[in-house]
Student: 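First the structure, which I've put down as structure tokens, then a few questions once you've had a look.
Note that the coordinates shown come from a computational prediction; the quantities given were computed from them, not determined experimentally.
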Number of protein chains: 2
Amino acid sequence: MRLTTRGRYAVTAMLDLALHGADGPISLADISRRQEISLSYLEQLFAKLRQNDLVSSVRGPGGGYRLARGGELINVAEIIDAVNESIDATSCSGKGNCQSGGVCLTHYLWDDLSQQIHRFLSGITLDGLVHQQEVQRVVLRQAEESDSASC
Amino acid sequence: MRLTTRGRYAVTAMLDLALHGADGPISLADISRRQEISLSYLEQLFAKLRQNDLVSSVRGPGGGYRLARGGELINVAEIIDAVNESIDATSCSGKGNCQSGGVCLTHYLWDDLSQQIHRFLSGITLDGLVHQQEVQRVVLRQAEESDSASC
DNA sequence: GTTAAAACCTACTAAATAAGTATGTTATTT
DNA sequence: AAATAACATACTTATTTAGTAGGTTTTAAC
């Protein structure tokens, strides 16, 4: 199983969209500034997010990205899937050929674990995150930081 | 979060010990053969397992490893921890300094996820695995394979 | 219509980590 | 004394991630 910066960045960026995208598209430059993620890297991630119909884009000045559907219809598991981080914890990617054609001793353990994780992450929507107190606190802090930066 | 071959190998090897270690220590050479894991790699893993008091060793001919306690007292989470695969899914290793000293937007999400995974894996003991039907089936298959190999 | 902002695209590089190999030394039983 | 197996360390290779560089295309605004 892999869960690294890539998946975390993708979820963070999507959450940023959910938080700030209410009136009009958000540019990757904005997200890059607020979330401290390299612009080029964001571009790569958003290419995948777009391919997977999680965001739609508007080109040209004033353009950017918006969520392809409401934040209550997008869950964290599909974001991570989109950027190619498999949540699967088995070594055989669920195929069951981990030891000489058959399953290895611990295949079912990792399979169960994968399902647990997937269930947990599918149950969390962007809207769900937006409404969490802890997230709101971070949003406020980020707003202050950008204020002081502009002085 | 990392969950790769290292952690999987460690759990598989420990389960092999739980399955075959009833009367006397098991050599890494045996485990290597049955579970198709390189001997040298097993030695590295068992160094860590020993440091973490999960196995005890007997040197010399006829020697090998045995579980340091009963299989009902060893859970999967501690095995994975022992071989240095952190189950933590945050980028800051739980420290909460992921964005300019504070927590990042998704810190609590990954923190929750880490706890979920840890709870799941701590709930599974070696004994629990030993008694699973699916595991028993694999054990039978491995026994057949070693029979046909010795002909 | 020019300019500038932004998406979009592709290839490359560097760093980190995992996986595996090699080559021993030491303890202990037979 | 010989063989077995733990114990130890250093090294190599492969893979993956993270990030960079250098473009092109589209389109709104001036």
Student: Please tabulate, one pair per line, all N/O donor-acceptor pairs under 3.5 Å involving side-chain atoms of residues 59-76 of chain A, not counting sequence neighbours.
Tutor:
unit_1 : atom_1 : unit_2 : atom_2 : d
A:R69  : NH1    : A:L73  : O      : 2.8
A:N75  : OD1    : A:A77  : N      : 3.0
A:N75  : OD1    : A:E78  : N      : 3.0

Student: Under a plain distance cut-off of 3.5 Å, with no hydrogens placed, do A:S114 and A:W110 share a side-chain donor-acceptor pair?
Tutor: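 There is no such pair (donor and acceptor under 3.5 Å, judged by atom type) between the side chains of A:W110 and A:S114.
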Student: Could you tell me how far apart A:L42 (CG) and D:dT17 (P) are, to the nearest whole angstrom?
Tutor: 17 Å
Student: Starting at atom CG of A:L45, determine the distance to atom P of D:dG19, rounded to an integer number of angstrom.
Tutor: 10 Å
Student: Tabulate protein N/O versus nucleotide N/O from nucleotides 5-12 of chain D, keeping only pairs under 3.5 Å, one per line.
Tutor:
unit_1 : atom_1 : unit_2 : atom_2 : d
D:dA6  : OP1    : B:L28  : N      : 3.0
D:dA6  : O3'    : B:S57  : OG     : 3.4
D:dA6  : N3     : B:R59  : NH2    : 3.2
D:dC7  : OP1    : B:R50  : NH1    : 3.4
D:dC7  : OP1    : B:S57  : OG     : 2.4
D:dC7  : OP2    : B:Y65  : OH     : 2.4
D:dC7  : N4     : B:E43  : OE1    : 3.3
D:dC7  : N4     : B:E43  : OE2    : 2.9

Student: Rounded to the Å, how far apart are B:R6 CZ and D:dT15 C1'?
Tutor: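 My rounded result for the distance is 14 Å.
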Student: Could you grab the distance from atom CZ of B:R33 to atom CD of B:Q142, nearest 0.5 Å is fine?
Tutor: 12.5 Å
Student: Do A:L54 and A:R50 have side chains that get closer than 4.5 Å, going by heavy atoms?
Tutor: no
Student: Taking only residues two or more places apart in sequence, or in another chain, which ones meet B:L45 in a side-chain contact (heavy atoms from CB on, under 4.5 Å)?
Tutor: B:R6, B:Y9, B:V83
Student: Would you say A:Y41 places a side-chain N or O within less than 4.0 Å of OP1 or OP2 belonging to D:dT17?
Tutor: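 Answer no for this pair, as no side-chain N or O of A:Y41 is under 4.0 Å from OP1 or OP2.
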Student: Exactly one of B:L15, B:L121, B:L49 should register a side chain to side chain contact (heavy atoms under 4.5 Å, CB included) with B:I79. Which one does?
Tutor: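 Among B:L15, B:L121, B:L49, the one that satisfies the side chain to side chain contact (heavy atoms under 4.5 Å, CB included) with B:I79 is B:L49.
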Student: A:I37 has an atom CD1; how far is it from atom P of D:dT17, in whole Å?
Tutor: 17 Å
Student: Report yes if at least one side-chain N or O of B:Y9 is closer than 4.0 Å to OP1 or OP2 of C:dG20; otherwise report no.
Tutor: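 Answer yes for this pair, as a side-chain N or O of B:Y9 is under 4.0 Å from OP1 or OP2.
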